[in-house]
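Single-structure report; data block below.
Excluded from the calculations below are hydrogen atoms, water molecules and symmetry mates; all remaining heavy atoms, backbone and side chain alike, are included. In the text below, chain A, chain B and the rest are named by the order of the sequence lines, each starting its count at 1.
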Amino acid sequence: MNALSEIKYRFGQVLKEMVEDASDLLEMIRPAQDSKFGDYQANCAMPMKNLVGKSPRQIADEIISKLQIDDLCQSVEVAGPGFINLTLDDNWLKAKLTDSLQDPRLGIKPVQTPGTYVVDFSSPNVAKPMHVGHIRSTLIGDALSRTLRFVGHEVVTDNHLGDWGTQFGMIIYGYKHFVDKEAYANNSVEELGRLYKLVRQIMDYHTAVAKLPALHEQLTQQQNLLLELEANQPTGDKAIDKKLKKDIGRLKSKITEQEEQIAELESKIETIDRNQDQHARALKHKNIGTDVLNETAKLHSDDTENLALWNEFLPFCREDIKQIYDQLNIEFDYELGESFYHSRLAGVVDSLNEKGLSRESEGAICVFMDNYETPMIIRKKDGAFLYATTDLATIQYRVEKWQPTAILYVVDHRQHQHFEKLFDAARLWGHDDVEMTHVSFGTVLGDDGRPFKTRSGDTVGLQGLLDEAVQRAAQLSGELNSAMNEETLTEISKVVGIGGLKYADLSQNRSSDYKFSYEKMLALKGNTSTYLQYSYARVQGILRKGDVDIETLRSQPVAFRFEKEIERKLAVNLIRFGETLDEVLVDYKPNLLTTYLFDLAQTFSVFFENCPVLKSEDDHLKRSRLQLCDLTARTIEVGLSLLGIDVVEKM
RNA sequence: GCCCCGAUAGCUCAGCUGGAUAGAGCAACUGACUUCUAAUCAGUAGGUCGCAGGUUCGAAUCCUGCUCGGGGUGCCA
């Protein structure tokens, strides 16, 4: 039991005598905001004023008089309007640290009631290159899975691949028309990638050519409309004038958007026109758009040839994305993509129909629900199924197979409404005893605050980003460690570069939008994983230099001593690791862990400056400090590992 | 139109679901490497928490209205 939950428990014993339901009040016990208030503070006395009818300070006094907490806290005081400030007992703290020192799990007990968590994350479309848009789901999902597992839950990670969509129609079409047999034999993954891009280009070209005139016309209309609106004189009626101003503003931004879109399409056309071969090829494949859809449709209706091609391509596509996952050191227990559920979709619709939950409307099969204006469509009027159908089938399968306590969907916030509907529908369907949570996160934006694109209108490829991260780390490592051998430097660069990238993402509150910047993603100083890795490496440096036998240090501990204030502060920080993990899992927020670790490392840095370990006044103090060092390093190591980030011994 | 999300230091963002004097990092400025790793540390400067009301002992946090931005909104995922 960690300090916070122990304190809450003790307060609970008292509060249950005073109020009916103490649970909200217990949530008001938290780490002290300022160390001058002690280590923890209870803010529950103030709101109890109305429940109990005494002054908050009287209530606080009453709580304290009944509280049995002497073994845990050396001081409990009322302050200000009725805060209860708690300071942990040094002996308790030391005993706790000693436990952690001897425990590979750092004193963190597995949860008492383990659940089964299915974590659905990453889920890229295979056969398309992965880009920055995939990074958040992948990293957040991985970090949450690792954390859930560490605290003792059963975790099933499942990569719900997009492996059944139009992109396969595209590469099937590409393969049938453009394949370079030799290249395909030599490097299938690369050739398939080339085919995808090629078909994409030609399709975009034709779409652009077809859409452009209409867009131009629309633009002209909008510009004319703008002139008209701007010609209006103020009427003097505030409401009308305001609306006019608003309309003009909207129209202007719409026009800008339109102009950008036109520019983008024109550049796509130009790319093809510039190259004679490409141009000729594009002209030859005028109907590529519908043809690709046909190839997709044939695949979905089990056409033998296309199905065979799909079966042939899929392993290559998986190999392709696996390369990225390997670099990120991410693994999945399952990769049950959309195709896996293909055969179950009709059954889903039948089942919903039978239960009277869905019905036909305008030719489509829809689930209508209270609270929603629009229905969830599970079968289109042309008979095809949608992702809602697949998602329902997936829920059904997961519940049958794993009987999970919770299914977590790590997916960006734009799909929020979809998941709300999905979960409601699933509950109506009978899956009402499983927690279903949309762990949503913000969009990756560019400098302009719009969804991120490069100047050419493409997204930033993930592979390029990883390479750049490792390369920047390599450069800095080389500068700082000229004496190190090549192999070590390569290892460090990988760990530091990839770690930095992951940390940059995970340290951000997942719900806010994400403004992409190379500087931020690849930063190697300040609040970064590098800082934590550096702290770890510094400890290892001390242990090396002091020729410390780590096994003895851990198995034969000496009593901890807090000679300076900072040592105690470090100690308090160390024992908070467990409660931090609890916090992370309340709302599935990995950034609470990065904040904790950064804080711990900062505290360690102060300790490092002020407490020479190897030159301590006496041997006992030296041992005590070495123990603090070891605990710090291990907490950082384990904490980072839960974020999917590695450490190195030297850097 | 309707529905969601957001607006905090020059920049990028935290802020633990209502607590005590609003915090980091970057950028800027001043200092610290013959010392256990300077990928670091100590310090300075930087704020009308979008605006206006309200709720109460107490509001960046909750409510209402407004402004601005993003997203979603019946057959894409």
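- The number of heavy atoms from other shown groups lying within 6.0 Å of CD (A/E373) does not exceed 12.
- Residue A/Q417 is classed as a base contact, given a heavy-atom separation below 4.0 Å to a base.
- With both pairing distances under 3.5 Å, B/G25 is matched to B/C11 as a Watson-Crick or G-U wobble pair.
- Regarding contacts with the backbone of B/C76, every side-chain N or O of A/Q415 stays at 4.0 angstrom or more from both OP1 and OP2.
- No engagement by A/M376 is indicated, since no non-hydrogen atom pair under 4.0 Å with the nucleic acid exists.
- For A/Q41, whose side chain is taken as the heavy atoms from C-beta onward, the closest listed nucleotide among B/G19, B/C41, B/G74 is B/G19.
- Considering only side-chain atoms of A/P375, the nucleotide from B/U40, B/C16, B/G74 that sits closest is B/G74.
- Taking side-chain N and O atoms only, A/R30 has a distance below 4.0 Å to OP1 or OP2 of B/G19.
- Nucleic acid contact class of A/E338 (heavy atoms, under 4.0 Å, all strands): sugar-phosphate only.
- Within the 4.0 angstrom heavy-atom criterion, only backbone atoms of the sugar-phosphate kind lie near A/N591; the bases stay farther away.
- Taking side-chain N and O atoms only, A/K380 has no distance below 4.0 Å to OP1 or OP2 of B/C75.
- If you check every strand for non-hydrogen atoms under 4.0 Å, A/A523 touches nothing.
- Among the protein residues, A/T530 comes within range of the nucleic acid bases, having at least one heavy atom under 4.0 Å from a base atom.
- The partner of B/C2, taking Watson-Crick or G-U wobble pairs whose two distances both stay under 3.5 Å, is B/G72.
- In this structure, A/C611 reaches the bases: a heavy-atom distance under 4.0 Å links it to at least one base atom across the strands shown.
- If you check every strand for non-hydrogen atoms under 4.0 Å, A/Y531 touches sugar and phosphate atoms only.
- Across all strands shown, B/G65 is found opposite B/C51 as a Watson-Crick or G-U wobble partner, with both distances under 3.5 Å.
- Residue A/K520 has no polar side-chain atom (N or O) positioned under 4.0 Å from OP1 or OP2 of B/U12.
- No engagement by A/P56 is indicated, since no non-hydrogen atom pair under 4.0 Å with the nucleic acid exists.
- Each of A/F608 and A/I377 lies near RNA chain B, and the nucleotide nearest A/F608 is the one positioned closer to the 5' end.
- In the set B/U40, B/C36, B/A77, B/U40 carries the atom at the smallest distance from any side-chain atom of A/S605.
- Taking the centre of each ring, A/F385 and A/Y387 stay at or above the 6.0 Å mark.
- B/C49 and B/A7 have their P atoms separated by 14 Å, given to the nearest Å.
- In this structure, the nucleotide among B/U17, B/C57, B/A39 sitting nearest to the side chain of A/L524 is B/A39.
- Checked against A/L25 for a side-chain contact (heavy atoms from CB on, under 4.5 Å), the options A/V19, A/I63, A/N43 give a single hit: A/V19.
- Between B/G58 and B/A24, the distance separating the two C1' atoms is 25 Å to the nearest Å.
- A/C629 comes within 4.0 angstrom of no nucleic acid atom, judged by non-hydrogen atoms across all strands.
- Heavy atoms of A/L592 sit nowhere under 4.0 angstrom from any nucleic acid atom.
- No cation-pi contact links A/R510 to A/Y588, judged by a cut-off of 6.0 Å to the six-membered ring centre and 45° from its axis.
- Comparing atom distances between the A/C366 side chain and each of B/G74, B/A38, B/C26 picks out B/G74 as nearest.
- A/E579 and A/Y40 are linked by a side-chain donor-acceptor pair at a separation below 3.5 angstrom, with hydrogens and angles left out of the test.
- Between A/R544 and B/U37, a side-chain N or O to OP1/OP2 separation shorter than 4.0 Å is absent.
- Using a 4.0 Å heavy-atom distance criterion, A/N481 is classed as a base contact.
- With both pairing distances under 3.5 Å, B/A42 is matched to B/U30 as a Watson-Crick or G-U wobble pair.
- Using cut-offs of 30° and 60° for the angle between ring planes, the A/Y341 and A/H160 rings count as tilted.
- Taking the ring axis of A/F608 as reference, the NZ or CZ atom of A/R538 stays within 45° of it and closer than 6.0 Å to the ring centre.
- With B/A39, B/G74, B/C57 as the choices, the nucleotide that has an atom nearest any side-chain atom of A/I492 turns out to be B/A39.
- Using N1 to N3 plus N6-O4 or O6-N4 for Watson-Crick, or N1-O2 and O6-N3 for G-U wobble, each under 3.5 Å, B/U37 pairs with nothing.
- When the C1' atom is used for both B/G43 and B/C57, the distance is 37 Å, rounded to whole Å.
- Listed candidates were B/C13, B/C75, B/U37. Nearest to the side chain of A/Y534 is B/U37.
- Comparing the C1' positions of B/A77 and B/G71 gives an interatomic distance of 15 Å, to the nearest angstrom.
- Between B/A39 and B/A27, the two P atoms lie 15 Å apart (nearest whole Å).
- Between A/K381 and the phosphate of B/C75, there is no side-chain N or O to OP1/OP2 separation shorter than 4.0 Å.
- In this structure, a donor-acceptor pair under 3.5 Å is present between the side chains of A/N2 and A/D582.
- Distances were taken from every side-chain heavy atom of A/S512 (C-beta onward) to each of B/A77, B/A14, B/A39; the shortest belongs to B/A14.
- Residue-level contact check: A/F598 touches the backbone only, with heavy atoms under 4.0 Å from sugar-phosphate atoms and none from bases.
- Along RNA chain B, the nucleotide nearest A/E362 and the nucleotide nearest A/L614 are compared for position; the residue whose nucleotide lies closer to the 5' end is A/L614.
- For A/I542, counting side-chain heavy atoms from C-beta on, the closest listed nucleotide (B/C36, B/G19, B/U40) is B/C36.
- Proximity of A/N509 to the phosphate of B/G15: a side-chain N or O atom is located under 4.0 Å from OP1 or OP2.
- With a glycosidic angle more than 90° from 0, B/U37 adopts the anti conformation.
- Taking atom NZ of A/K525 as the reference point, atom P of B/A24 lies 18 Å away to the nearest angstrom.
- The phosphate of B/C4 (OP1 or OP2) has no side-chain N or O of A/R414 nearer than 4.0 angstrom.
- Below 30°, between 30° and 60°, or above 60°: for A/F419 and A/Y409 the angle between ring planes is between 30° and 60°, a tilted geometry.
- With P as the reference atom, B/G19 and B/C63 are 15 Å apart, rounded to whole Å.
- Glycosidic conformation of B/C29 is anti; the angle lies outside 90° of 0.
- Nucleotides B/U44 and B/C51 place their C1' atoms 32 Å apart, quoted to the nearest Å.
- Donor-acceptor pairing under 3.5 Å, judged by distance alone, is present between the side chain of A/S361 and the base of B/G74.
- A donor-acceptor contact under 3.5 angstrom links the side-chain atoms of A/Y387 to the base of B/A77.
- A/S477 comes within contact range of at least one nucleobase, with a heavy-atom separation under 4.0 Å.
- Ranking B/C41, B/G74, B/G19 by closeness to the A/M28 side chain, first place goes to B/G19.
- A sub-4.0 Å separation between OP1 or OP2 of B/C57 and a side-chain N or O of A/K49 is present.
- Using C1' as the reference atom, B/G70 and B/G31 are 44 Å apart when rounded to the nearest Å.
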Intermediate values then yes/no, side-chain contact (heavy atoms from CB on, under 4.5 Å), A/Q540 and A/M651 | CA-CA 10 Å; A/Q540 302 315 313; A/M651 59 189 279; over 6 Å; no
